K.L.:
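I have a structure I would like to understand better, so I am pasting it below and will then ask my questions one at a time.
All chains are named by letter (A, B, ...) in the order of the sequence lines, taking the proteins before the strands, and each is independently numbered beginning at 1. Just the heavy atoms: all of them, side chains too, but no hydrogens, waters or symmetry mates, feed the values below. This structure is a prediction, so every number in the text was calculated from the model and none was measured.
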Protein chains: 2
Amino acid sequence: MQPEISDQILYSFLIGGSCASSTTTTTTRSSFYPFAMEDTSSQDKALATTLRKHREGERMRRERINSSLNKLRNLLSCNPKTDKATLLAKVVQRVNELKQQTLEISNENVPSETDEISVLNFENCSNDDGRIIFKVSFCCEDRPDLMQDLVETLKSLQMETLYAYMTTIGGRTRNDLVVVGNKEQHSVESVKLLQNAFESLLERSNQSVMMGHGGGRERSKRRRPLDHIKRV
Amino acid sequence: MQPEISDQILYSFLIGGSCASSTTTTTTRSSFYPFAMEDTSSQDKALATTLRKHREGERMRRERINSSLNKLRNLLSCNPKTDKATLLAKVVQRVNELKQQTLEISNENVPSETDEISVLNFENCSNDDGRIIFKVSFCCEDRPDLMQDLVETLKSLQMETLYAYMTTIGGRTRNDLVVVGNKEQHSVESVKLLQNAFESLLERSNQSVMMGHGGGRERSKRRRPLDHIKRV
DNA sequence: CTGCACACGTGATCC
DNA sequence: TGGATCACGTGTGCA
């Protein structure tokens, strides 16, 4: 990447160095040169202007970089005096979190080809308020009365829908439900109740599809649902 | 921020400067000094070690920063040779996008107290594939047959649900639907069709609630839906 | 005073 | 060539 071997050293003061001294006003600094620079040949002048352009270019570059860094400080709502290093580390962490969140929401909610059920209880929801929370996900053929069937199933289990995310594409549907029940009526064991209830719901779904449409539906319309709306 | 006024210039070569010269191997550079440095007093030695520590510290700092920058290059899946400036600009843009996405999904999907409808067509979805996409959002009282009613409404309009995000809390429900129709049957004007259809759907909803429950439902169970599950 | 973080100007490098 | 970017070592201020 870099010249790791070049031990050649060019002494910058020969052309007016002095490494760090910030004067935002572009003062002509030739008078400060400690040694004989009276022989200002045209070559030296050209080199001086080259260096000046270089210097100002670098300044602009640093400004652009720091501008973005300040924007990131605001976006992450952290102290304006946060170090560059820790700030960038936080940015990496945050981008990872956000990517995973949107990926969970967008990418996994695609109806699968085969019927599937998954039930689990939310361990990380440890509010001791007498409620217990489960997440139910399933894929099956779509049918008009599926939603009502779903609502009645939950009602029979004495559970409420906290939120639902559902995707329907080309006759297949995928539903992710977060449901909540009272702890007096439900425990971790209710996972099995939910599993059984939704298994029979899927069986009913298959039967109804078989009778209603003869089992054959066109699949050509299927697409990935969010590709047209938002990217991952 | 910086000393904008200090015009005082310290010539670094007085203590062995030469501003830039990359030798990753920490060679003893005293032999390169162009002027009389033979009087290596203890002060000079101490200063030399100070400078060496300073130099190495800066190297470590740069390493930390560049490490995070490389991670960000991977996270944004852009060219490994992307400039720092443009990379950081892209990071700012990406973080903004991701923040808005999760905010749309998590925070806005809370049922409002009053009944509301909003219909708009997706301008930014410019796929020229003969389909036109709308987003419908509405809040109303919940009822068991709402979903079926919704499905039938869309079917009567010859539209398909691309995806739906629905939240139900304490008897109130908020639904965000992305629906798609054929361009031969629909245009931007179909916004009004959708608006009318969902207005009558909400009217039916209110009537059914009035008749079924006498209009009074307890609201004490209401909570913000996602506070228990994921942070914003 | 020690350590840490930043801005600066410069040489080298790439297109 | 020239413009743009990088790593480097240093000066300087802050805790």
Side-chain angles (χ1 to χ4, degrees), chain A residues 1-27 29-30 32-33 43 46-70 73 78-89, chain B residues 1-30 32-33 43 46-70 73 79-89:
Chain A
M1 295 276 189
Q2 292 123 248
E4 296 187 12
I5 314 160
S6 79
D7 281 344
Q8 183 186 15
I9 295 180
L10 299 174
Y11 294 95
S12 60
F13 62 81
L14 287 179
I15 51 174
S18 116
C19 199
S21 70
S22 59
T23 55
T24 51
T25 62
T26 57
T27 56
R29 311 166 86 227
S30 57
F32 287 102
Y33 296 165
Q43 272 201 10
L47 209 139
T49 54
T50 296
L51 273 184
R52 208 192 62 182
K53 279 194 175 183
H54 187 21
R55 201 170 47 200
E56 291 179 354
E58 263 300 289
R59 233 193 68 213
M60 301 308 283
R61 177 175 161 270
R62 282 193 295 265
E63 248 174 46
R64 271 188 299 162
I65 292 175
N66 287 334
S67 164
S68 290
L69 288 177
N70 282 329
R73 271 182 256 261
C78 55
N79 194 324
K81 302 303 290 177
T82 317
D83 311 88
K84 288 180 185 178
T86 58
L87 168 67
L88 287 174
Chain B
M1 296 280 187
Q2 293 125 248
E4 296 189 11
I5 313 160
S6 79
D7 281 345
Q8 182 187 17
I9 296 180
L10 300 174
Y11 294 96
S12 59
F13 60 79
L14 287 180
I15 52 174
S18 117
C19 199
S21 69
S22 60
T23 54
T24 51
T25 61
T26 57
T27 56
T28 63
R29 312 166 83 227
S30 57
F32 286 101
Y33 296 163
Q43 272 201 11
L47 210 139
T49 55
T50 296
L51 273 184
R52 208 191 62 183
K53 281 194 174 183
H54 187 21
R55 201 168 49 199
E56 290 180 356
E58 262 302 288
R59 233 193 64 211
M60 302 307 284
R61 177 174 162 271
R62 282 193 295 263
E63 250 174 45
R64 271 187 298 163
I65 292 176
N66 285 335
S67 164
S68 289
L69 287 177
N70 282 329
R73 271 181 256 261
N79 194 325
K81 302 304 288 177
T82 317
D83 318 29
K84 287 180 183 177
T86 58
L87 168 67
L88 286 175

K.L.:
What is the distance, rounded to the nearest whole Å, between atom CD of A/Glu58 and atom C1' of D/dC8?
P.N.:
11 Å
K.L.:
In whole angstrom, what separates B/Leu47's CG from D/dT10's C1'?
P.N.:
11 Å
K.L.:
What I want to find out is whether B/Arg61 reaches B/Glu58 closely enough, with some N-O distance under 4.0 Å, to be called a salt bridge.
P.N.:
yes
K.L.:
Roughly, in whole Å, what's the span from CZ in A/Arg59 to P in D/dC6?
P.N.:
18 Å
K.L.:
Rounded to whole Å, how long is the line connecting atom CE of A/Met60 with atom C1' of D/dG3?
P.N.:
14 Å
K.L.:
Within less than 4.0 Å of OP1 or OP2 of D/dA7, is there a side-chain N or O belonging to B/Lys84?
P.N.:
yes
K.L.:
In Å and rounded to the nearest 0.5 Å, what is the OG1 to CZ distance from A/Thr50 to A/Arg55?
P.N.:
11.5 Å
K.L.:
Rounded to the nearest 0.5 Å, how far does CG of A/Asn70 lie from CD1 of A/Ile65?
P.N.:
12.5 Å
K.L.:
With a 3.5 Å cut-off and just heavy-atom distances, do the side chain of B/Arg52 and the base of D/dG9 make a donor-acceptor pair?
P.N.:
no
K.L.:
Atom CZ of B/Arg73 and atom C1' of D/dC6: how far apart are they, to the nearest Å?
P.N.:
10 Å
K.L.:
Do the non-hydrogen side-chain atoms of A/Glu63 and A/Arg59 ever get within less than 4.5 Å of each other?
P.N.:
yes
K.L.:
Can you give the dot-bracket line for DNA chain C, using ( ) for pairs inside the strand, [ ] for pairs that cross earlier ones, | for pairs with another strand and . for unpaired bases, where Watson-Crick and G-U count if both distances are under 3.5 Å?
P.N.:
..|||||||||||||
K.L.:
Indicate yes or no for a side-chain donor-acceptor contact from B/Asp83 to the backbone of B/Ala85 under 3.5 Å, with no hydrogens or angles considered.
P.N.:
no
K.L.:
Using whole Å, what does the distance between atom C1' of nucleotide C/dC6 and atom CG of A/Asn70 come to?
P.N.:
12 Å
K.L.:
Quick check: closest heavy atoms across A/Ser68 and B/Leu88, and the distance to 0.1 Å?
P.N.:
CB-CB, 3.5 Å
K.L.:
Among the candidates D/dT5, C/dC6, C/dG9, find the nucleotide nearest to the side-chain atoms of B/Arg61.
P.N.:
C/dC6
K.L.:
Could you run down the sub-3.5 Å N/O contacts of the protein with nucleotides 2-4 of chain C?
P.N.:
none

K.L.:
When the distance from CZ of B/Arg55 to P of D/dG9 is rounded to whole Å, what number comes out?
P.N.:
6 Å
K.L.:
Figure out the CZ/P separation between B/Arg62 and D/dG9, and round it to whole Å.
P.N.:
6 Å
K.L.:
Do you know the tightest heavy-atom contact between A/Leu87 and A/Cys78?
P.N.:
CD1-SG, 4.0 Å
K.L.:
So, does B/Arg73 use its side chain to make a donor-acceptor pair with the main chain of B/Thr82 at under 3.5 Å?
P.N.:
yes
